[in-house]
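Proteins come first, then strands; the chains are lettered A, B, ... in the order of their sequence lines, and each starts at number 1.
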Amino acid sequence: MKLRINGEERDVVPGTGLEELVAALGMAPDRVAVECNRVLVRRTEYESLVLEENDEVEVVTLVGGG
Amino acid sequence: MGMESADDRFDRQVRFAPLGEVGQTRISRAQLTLVGCGALGGVLAQTLVRAGVGTLIVVDRDVVEPTNLPRQVLFDEAHAREGVPKVEAALETLERIGGPTRIVPHARHFDATNIRELLAQSDLVLDGTDNLETRYLINDFCVSEDLPWIYAGVVGGAGLVLGIRPGKGACLRCLFPDPPAPGTLPTCDSAGVILPAVGAVASMAAGIAMRWLAAPETQEDPPATLLELDAWNGTVRAIQTPRDPDCPACGRRDFPFLERSDSREPVLLCGRNAVQLRPTTRVPDLNALAENLPGGARALVRTAALVRFDLDELRLTIFRDGRALIEGTQDPKRARALFDRVLSS
């Protein structure tokens with residue numbers, strides 16, 4: 001199924017969960033904030049959230065420099 | 001054109017209607033604490049001093065060095081050559097800009113032991129730090145004291161900004177409950193950083209700061225938003241960030257970072273081939289130290305604020321409060337061994 005991740009279209013296996021997706025993007029769940037269809041996803045929902053066709057996902061990584 | 005008096009200094013800023021005379025008066029009475037005056041902190045300090053804030057407290061532990069110059073706007077080659085403490089160099093530049101702001105420099109390491117002294121009297125806290133440990137400490141303190149602060153972070157060509165009004169929108173720990181283990185995120189040291197990214201992030205943070213100081217909160221205020229500004233790709237992303245009622249900090253009011261002092265732990269400085277050692281229990285006498293250097297020590301510099309010399313291909317800078325900066329290594333053990341040797345000489 002198709003998702004829009006950080007503005008780019010990506011193909012993922014149907015039934016992919018958010019946690020799997022974050023891992024597949026090479027990111028660690030504790031270092032990202034995730035928005036799905038313009039709503040911030042609570043950290044406790046990462047495990048249970050199953051993505052659906054055409055979901056728009058924004059993944060923002062914590063930045064430590066300065 | 002050249003005919004305007006000091007009274008007109010803020011004319012163009014006051015003409016901006018959302019700020020106005022009332023906003024300028026509020027800005028001129030505000031006190032801010034800026035933690036860190038390197039890359040982000042330099043742009044923040046310059047912007048807020050030019051804006052005419054009442055008092056700006058600036059805290060930074062580092063000294064200026066040549067690799068700072070492409071992005072740290074308050075410093076020049078003379079500062080880098082002499083290794084001036086960043087707050088002193090910042091004060092010099094900011095005083096040249098002039099204006100009504102009272103600037104209070106602190107060449108100190110910022111931690112749980114002095115956070116109350118440095119933050120509690122301020123109306124707003126600005127983030128010019130280069131590490132997450134300090135940001136989690138600031139977040140804990142500001143949430144516990146209901147004090148607004150603005151998180152800003154930058155690395156490579158992009159960075160994040162989050163204005164935090166405790167209880168109104170997300171705090172840092174609503175989004176990222178625990179800091180990642182050290183070394184797991186890219187730093188300015190590993191991934192580099194460019195001034196346009198610094199400028200974009202710090203300017204956005206400074207804009208939020210000016211609005212918060214100038215205008216009381218209203219229903220029309222934009223919702224809390226995490227912004228990602230990418231000055232290399234020319235992109236901006238914004239995520240609305242309502243607070244998490246179950247947040248460990250602003251929800252459950254658990255503030256573990258206020259309890260940690262780690263005062264003996266060496267710190268690797270971001271973007272620097274350098275180790276900082278915190279004050280020892282015995283604060284060295286800088287005069288005595290300068291007169292009794294170990295054999296092989298070269299290039300001694302002694303100022304009111306510090307003693308500096310080269311030894312074993314490393315450069316040691318020892319500050320009045322006993323803190324030491326060891327440049328030329330990232331090995332805390334080597335730095336500690338050399339420092340202990342110097343103190344026992």
(request) Kindly indicate whether the side chain of A:V63, heavy atoms from C-beta on, has any atom under 4.5 Å from the side chain of B:Y151. (result) yes
(message) If I compare all heavy atoms of A:E35 with all of B:Q240, which pair ends up nearest, and what's the gap?
(response) OE2-N, 3.6 Å
(request) Give, as side chain, backbone, both or neither, the part of B:L162 having an atom under 4.5 angstrom from any heavy atom of chain A. (result) neither
(message) Treating B:R237 as the side-chain partner and A:V59 as the backbone partner, does any N or O pair qualify as donor plus acceptor under 3.5 Å?
(response) yes
(message) Looking at chain A, which one of B:A158, B:G36, B:P180 has the largest number of heavy-atom pairs inside 4.5 Å, strictly under?
(response) B:P180
(message) I need the residue from B:L175, B:L40, B:V155, B:I239 with the largest number of non-hydrogen atom pairs under 4.5 Å to chain A.
(response) B:I239
(request) Can you tell which part of B:T184 gets under 4.5 Å to a heavy atom of chain A, answering side chain, backbone, both or neither? (result) both
(request) Check each atom of B:P242 against the heavy atoms of chain A and say whether the ones under 4.5 Å are side chain, backbone, both or neither. (result) both
(request) With A:V60 as reference, evaluate B:L227, B:T241, B:L160 under the side-chain contact (heavy atoms from CB on, under 4.5 Å) test and give the passing residue. (result) B:L160
(message) Using 0.5 Å steps for rounding, measure from the CG atom of B:L185 to the CZ atom of A:R31.
(response) 6.0 Å
(request) Look up atom CZ in B:R135 and atom CG in A:L62, then write down how far apart they are to the nearest 0.5 Å. (result) 8.0 Å
(message) Heavy-atom pairs under 4.5 Å with chain A: which of B:A152, B:G159, B:G38, B:P177 has the most?
(response) B:P177
(request) Identify which part of A:V32 has an atom lying under 4.5 Å from any heavy atom of chain B, answering side chain, backbone, both or neither. (result) backbone
(message) Would you say CD of A:E47 has more than 12 non-hydrogen atoms from neighbouring residues, nucleotides or ligands within 6.0 angstrom?
(response) no
(message) Are the side chains of B:D178 and A:D30 in contact, using a 4.5 Å heavy-atom criterion?
(response) no
(message) Other residues, nucleotides and ligands only: do more than 12 of their heavy atoms fall within 6.0 Å of CZ on B:R253?
(response) yes
(request) For residues B:C188 and A:G66, report the shortest heavy-atom separation together with the two atoms involved. (result) SG-N, 3.6 Å
(message) Shorter than 4.5 Å, heavy atoms on both sides: which option in A:N6, A:T44, A:V34 has the most such pairs with chain B?
(response) A:N6
(request) Taking atom CD of A:E8 as the centre, report whether more than 12 heavy atoms of other residues, nucleotides or ligands fall under 6.0 Å from it. (result) no
(request) Name the option with the most non-hydrogen atom pairs under 4.5 Å to chain A; the candidates are B:A238, B:G153, B:G128. (result) B:G153
(request) Can you measure from SG (B:C174) to CZ (A:R42) and round to the nearest 0.5 angstrom? (result) 7.0 Å
